[in-house]
Amino acid sequence: MIKDITIGQYFPGNSFIHRLDPRAKLIVTFAALVEIFLCKNFLSLALIFIFSVFSILFSKISFKVVLKGLKMIYFLIFFTALLQIFYNEKGNILFEWRKIKITDGGVYTAIFMAVRIISLIFISSLLTYTTSPTTLTDGIERLLSPLKKIKIPVDTLAMMMTIALRFIPTLIEEIDKIMNAQKARGADLDTGGVLKRAKALIPIFIPLFVNSFRRAYELAFAMECRCYNGSNHRTRMKIMKFTWRDIAAFIFIGMMLAAIILLNHFFGAVI
Amino acid sequence: MEKATLIRFSDVSYRYESDNETPLPLALKNINIDIKKGEFVAILGHNGSGKSTLAKLANAILMPESGKIYVNGMDTSDESLEYEIRQTVGVVFQNPDNQIVATIVEEDVAFGPENLGIEPSEIRKRVDEALKAVGMYEYRFHEPHKLSGGQKQRVAIAGIMAMRTDCIILDEPTAMLDPKGRKEVMAAMRKLNKELGIAVVLITHYMEEAVAADRVIVMDSGRIVLDGAPRDVFSNEEIIEKAGLELPESAKLALLLRRSGVNLPSGILTAEEFIEAFKFSVSGGAAK
Ligand SMILES: Nc1ncnc2c1ncn2[C@@H]1O[C@H](COP(=O)(O)OP(=O)(O)OP(=O)(O)O)[C@@H](O)[C@H]1O
Ligand SMILES: [Mg+2]
């Protein structure tokens, strides 16, 4: 199950979006997410939704993958929409039966919310689909590097982040292995009350912790062997340079912002 | 012509620190080794004989309790030389999972050179070269956790290669691999040694791997008991057995046959040699 999560995965490629500078990508993604929340009516929302769909087409990542990423939150979308339909009592009544009242305002809001969530997922997952975790952390590190002036060890934090990301799959595999090993010894992980199940997890987590310490120790040796010492003399293989692509992306997202503000202003708000 | 010495252990002893009052016994006792440029050395020894300790000492991760270690003439106890020593001698450890730092193959290979503060374009060049040398260039954009054990280990080797070390010490790099993975890693190592002239020190439990080396060192309880060409080393059956090791399969079989009266020469190490000698012996026996 855990292995099926596609959000946060990286799909190597060479598209326009893949080749954006990670800093630019972070800023543009953040701006796009803010813009989603600025949308007040269907026109502006449609604009940003089309933007997110086109971004995916542009990234050459198959829609199947993106939709698979949505799978985890179909329920959330469905539930939000349902709540809006049954509890939002704005606008004209479309249907009434005993206590249940469905209004057109409710239906609109439901659709609006659903599209908004989908756009949010599209845009935020596109960031991780098209950027390797290391590049992403590098980007964050550069964006936050002014914080070094107030003695925040941004580069060390970024290294921690990279290692965390690197070890997530390894640890998942390890949990799997330990669970099977304990099951083979007759551990019962799937039945009983909450307390019993929580207790059954102890023999899983203790070996996991012990192994993680051993791993940390070995990794530290290996990193030291490769001359890592936490100083800022490090260089990077991948140079970050803003190109015309990034400028185009900035201009585009700026124009989107202007369009959304105008659409919000001249057309009525749905929510 | 005598080749220049790369790593010199001169009367080195080492003891791990104990958690309590009683000190631990010496893990290494009066070790003397000279490893030359471009040499392919295999180190054998039972579990706990001090092989890994030796590797960590050569890389200035541990400091000797007594004696001196020189890497290219640099004293490893001089902390200011640490950087240069690690650029001369690199270590690949047993478990590739615990030495890969980055989430993309090529970014991991770049880790060492990045730490050395090398120019980006030069790093790029080194990374591509190293990945090609170990045959992992096609996998440069892959995620390490999706690779097989042998592939991961080759990425780890490339990571050290990209630092352009003169010597690579591999601490049981094939211990966790299946025969196919072992072959891949062995081929990569042989290539480093023969084509690029990098000295390789291979710590291993596989006698067959040691046979392929120029020189074999056998350790027993923190001491060096044998040091020489494979053929000479493996002719000392008693010492090998006393050190808790076994001869290579073919050598063992030849020895048993010889003991039971079959006319076989000594010094057989590989299956090919065994077959040749056995054929000769059988046909010679028939002629008699
Ligand atoms: N961190 C440590 N603390 C204390 N003692 C240690 C430590 N590491 C190793 N030793 C001891 O030092 C001795 C040599 O260990 P070393 O790891 O060098 O052996 P090895 O030849 O590499 O064995 P193996 O074949 O199992 O890898 C052993 O007796 C071991 O118990
Ligand atoms: Mg060892």
Kindly say whether A/Met237 contributes a backbone atom to a donor-acceptor pair with the side chain of B/Glu114 at under 3.5 angstrom?
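Yes: the side chain of B/Glu114 pairs with the backbone of A/Met237.
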Could you tell me how the ring of [X] sits relative to the ring of [Y]: parallel (under 30°), tilted (30 to 60°) or perpendicular (over 60°)?
{"X": "A/Phe209", "Y": "A/Phe205", "answer": "tilted"}
{"X": "B/Phe93", "Y": "A/Phe221", "answer": "parallel"}
{"X": "A/Trp244", "Y": "A/Phe16", "answer": "tilted"}

Heavy-atom pairs under 4.5 Å with chain A are the metric here; pick the option from [options] that has the most.
{"options": "B/Ile160, B/Asn95, B/Val101", "value": "B/Val101"}
{"options": "B/Gln94, B/Glu106, B/Lys146, B/Glu119", "value": "B/Glu106"}
{"options": "B/Arg86, B/Arg126, B/Arg124", "value": "B/Arg86"}
{"options": "B/Glu143, B/Glu122, B/His142, B/Glu107", "value": "B/Glu107"}
{"options": "B/Val91, B/Ile100, B/Val92, B/Asn59", "value": "B/Ile100"}

Is there a donor-acceptor contact under 3.5 Å linking the side chains of A/Arg166 and A/Thr162?
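Note: A/Arg166 and A/Thr162 side chains miss the donor-acceptor criterion.
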Do B/Asp178 and B/Lys180 meet the salt-bridge criterion of a basic N to acidic O distance under 4.0 Å?
no
Salt-bridged, A/Asp138 to A/Lys238, with N to O below 4.0 Å?
no
Can you see whether A/Phe167 has A/Arg215 sitting over its ring - NZ or CZ less than 6.0 Å from the centre and within 45° of the normal?
no
Contacting moiety of A/Thr135, where chain B heavy atoms sit under 4.5 Å
both
Side chain, backbone, both or neither: which part of A/Tyr217 has an atom under 4.5 Å from a heavy atom of chain B?
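For A/Tyr217, no heavy atom lies under 4.5 Å from chain B.
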Between B/Phe141 and chain A, with a heavy-atom cut-off of 4.5 Å, which part of the residue counts as in contact: side chain, backbone, both or neither?
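It is both, since atoms from each part get that close.
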Where on B/Val89 is there a heavy atom nearer than 4.5 Å to chain A: the side chain, the backbone, both, or neither?
neither
Pair count under 4.5 Å, heavy atoms only, with chain B: among A/Met159, A/Arg226, A/Arg214, A/Met223, highest is A/Arg226
Looking at A/Ala216, A/Ala220, A/Ser132, which has the largest count of heavy-atom pairs under 4.5 Å with chain B?
A/Ser132
